[in-house]
> 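Have a look at this one.
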Amino acid sequence: MKVIIVEDEAHSRKTLSNFLHKYCPEIEITAQADTVNSAILSVNTTHPDLLFLDIDLPDGSGFDVLDSIVKPWPKIIFVTAYNQYAVKAFQISAIDYLLKPIDPQLLIKAVQKASSNEEPAGQMVQKMEVMRENRISGQLHKIAIPSQNGIQMIRIEDIVRFEADGNYTTIFMRDKSKLVVTKKIKEFEMLLEGLHFYRLHQSHIVNLHFVERYIRGEGGTVVLEDGSQIEVARRRKEDFLDRLSHF
């Protein structure tokens, strides 16, 4: 697998290069670049299979590189310093990333995934556009949902609630449609942390924007705009009412 490393910090390029040689011997590093322009030239000249791409570069960003590379698109793994918002944007767009300093075991997993993943180029472009929109606006607008045909992008504001069923989760949408996903509801709880969603109990997460009223009871019941009535776990009652009062 041919690889290009795009990273403006010399010590980071060296570390990643050394890790790839040591832990991923099937990798062939064909070029390294430290600017947008040198990255575009390298990618369009050597057509790598995989691109390790830093976001912040001296003359622009990793997205500027993506805007100018020609088909066939390489698979992409972003490499970035820790930033809570950036990490959330990667996760919500289903884009692979590694945090600096790089963990060799996570690097190995990322390379293995890239080697086995046959994601269509069009799907990658779609995910990058979602990532760009989220990053530019400073808000998370869309979420990448795996489907039978690949990846489906849905607007966060259109999600009414999530309902768990073992290893599956059903997503209920504003337009009454449903999506069944092979992800546990805990994954969505973590993904949407900090946004306007609340896990009422083990099986349900609701979008607080769609809460119509609360009915008092031992734990109480939430009525949503679509008519759904969902019980609130007794242990979550006080926290939920506090969250609702400040929403």
Side-chain angles (χ1 to χ4, degrees), residues 84-85 87-96 119-120 122-247:
Q84 189 173 10
Y85 175 78
V87 169
K88 183 71 72 176
F90 289 131
Q91 293 171 338
I92 214 162
S93 306
I95 293 174
D96 291 325
E119 181 177 64
Q123 200 172 102
M124 172 61 75
V125 172
Q126 187 181 24
K127 291 198 296 187
M128 290 298 173
E129 286 304 315
V130 170
M131 175 71 174
R132 186 200 306 276
E133 180 183 346
N134 290 336
R135 186 170 184 266
I136 290 175
S137 68
Q139 298 179 9
L140 300 172
H141 292 287
K142 294 182 179 179
I143 184 172
I145 300 296
S147 66
Q148 289 183 338
N149 299 320
I151 298 288
Q152 182 172 348
M153 300 297 180
I154 61 176
R155 293 188 62 81
I156 293 175
E157 292 299 327
D158 291 334
I159 300 171
V160 177
R161 63 187 179 95
F162 299 83
E163 183 173 342
D165 183 13
N167 291 327
Y168 294 85
T169 300
T170 301
I171 305 173
F172 293 80
M173 306 297 295
R174 184 201 298 262
D175 63 3
K176 308 296 185 182
S177 63
K178 303 177 185 178
L179 298 169
V180 179
V181 185
T182 53
K183 282 181 177 290
K184 293 183 177 180
I185 198 169
K186 179 66 176 178
E187 295 182 57
F188 288 107
E189 181 183 22
M190 295 172 62
L191 195 63
L192 298 168
E193 184 180 2
L195 301 181
H196 46 82
F197 288 83
Y198 192 89
R199 189 167 183 177
L200 296 177
H201 62 64
Q202 187 173 0
S203 300
H204 290 279
I205 296 173
V206 300
N207 183 340
L208 295 176
H209 285 164
F210 289 97
V211 173
E212 189 171 82
R213 70 181 189 274
Y214 169 78
I215 302 173
R216 295 185 181 279
E218 184 176 4
T221 302
V222 167
V223 180
L224 302 179
E225 291 181 10
D226 66 354
S228 304
Q229 296 190 26
I230 302 169
E231 293 183 2
V232 181
R234 184 174 56 182
R235 63 185 177 84
R236 295 179 181 266
K237 178 179 178 178
E238 288 188 13
D239 183 61
F240 170 67
L241 291 177
D242 181 67
R243 176 77 182 277
L244 201 59
S245 68
H246 291 90
F247 182 66

> Determine whether a donor-acceptor pair (N or O, by modelled atom type, separation under 3.5 Å) exists between the side chain of K237 and the backbone of G217.
yes
> Distance from T170 atom OG1 to I185 atom CD1, nearest 0.5 Å?
9.5 Å
> Judged by modelled atom types alone, do H196 and E157 share a side-chain donor-acceptor pair under 3.5 Å?
yes
> Using side-chain heavy atoms (C-beta onward) and a distance below 4.5 Å, is D175 in contact with D158?
no
> Quick check on R234: does its CZ atom have over 12 non-hydrogen neighbours (other residues, nucleotides or ligands) under 6.0 Å away?
no
> Do you know which two heavy atoms are closest between Y198 and F240, and how far apart they sit?
OH-N, 3.4 Å
> Taking atom CG of D165 and atom CD of E163, what is their separation to the nearest 0.5 Å?
7.5 Å
> Just do the side chain to side chain contact (heavy atoms under 4.5 Å, CB included) check on F197 and F162 with the steps written out, would you?
CA-CA 10 Å; F197 288 83; F162 299 83; 3.8 Å; yes
> Looking at K183, is its backbone amide N or carbonyl O close enough to the side chain of T169 to form a donor-acceptor pair, meaning the two atoms are under 3.5 Å apart?
yes
> Picking from R236, E193, H204, what satisfies side chain to side chain contact (heavy atoms under 4.5 Å, CB included) with R199?
R236
> Looking at CG of L224 and CD of Q229, how far apart are the two atoms once the value is rounded to the nearest 0.5 Å?
9.0 Å
> Just verifying a value: how many Å separate L208 CG and H246 NE2, rounded to the nearest 0.5 Å?
13.5 Å
> Could you check if a side-chain atom of V160 sits within less than 4.5 angstrom of a side-chain atom of M173, using non-hydrogen atoms only?
no
> Would I159 and L192 count as a side chain to side chain contact (heavy atoms under 4.5 Å, CB included) if you check the C-alpha gap in whole Å, the side-chain angles of each, and the deciding distance to 0.1 Å?
CA-CA 11 Å; I159 300 171; L192 298 168; 5.5 Å; no
> Going from CG on N207 to CZ on R161, what distance comes out if it is rounded to the nearest 0.5 angstrom?
12.0 Å
> Please name the residue in the list T221, V211, I230, I205 that meets the side chain to side chain contact (heavy atoms under 4.5 Å, CB included) test with L200.
I230
> I need the I154 CD1 to L179 CG distance, nearest 0.5 Å.
5.5 Å
> I'd like to know if K186 pairs up with E189 as an ion pair, taking the criterion as any Lys NZ or Arg NE/NH1/NH2 lying under 4.0 Å from an Asp or Glu carboxylate oxygen.
yes
> Filter on ring-ring contact (aromatic ring centres under 6.0 Å, His included), then keep only pairs touching residues 215-237, sequence neighbours left out; what's left?
none
> Take atom CD of E231 as the centre, draw a 6.0 Å sphere, and report whether it contains more than 12 heavy atoms from other residues, nucleotides or ligands.
no
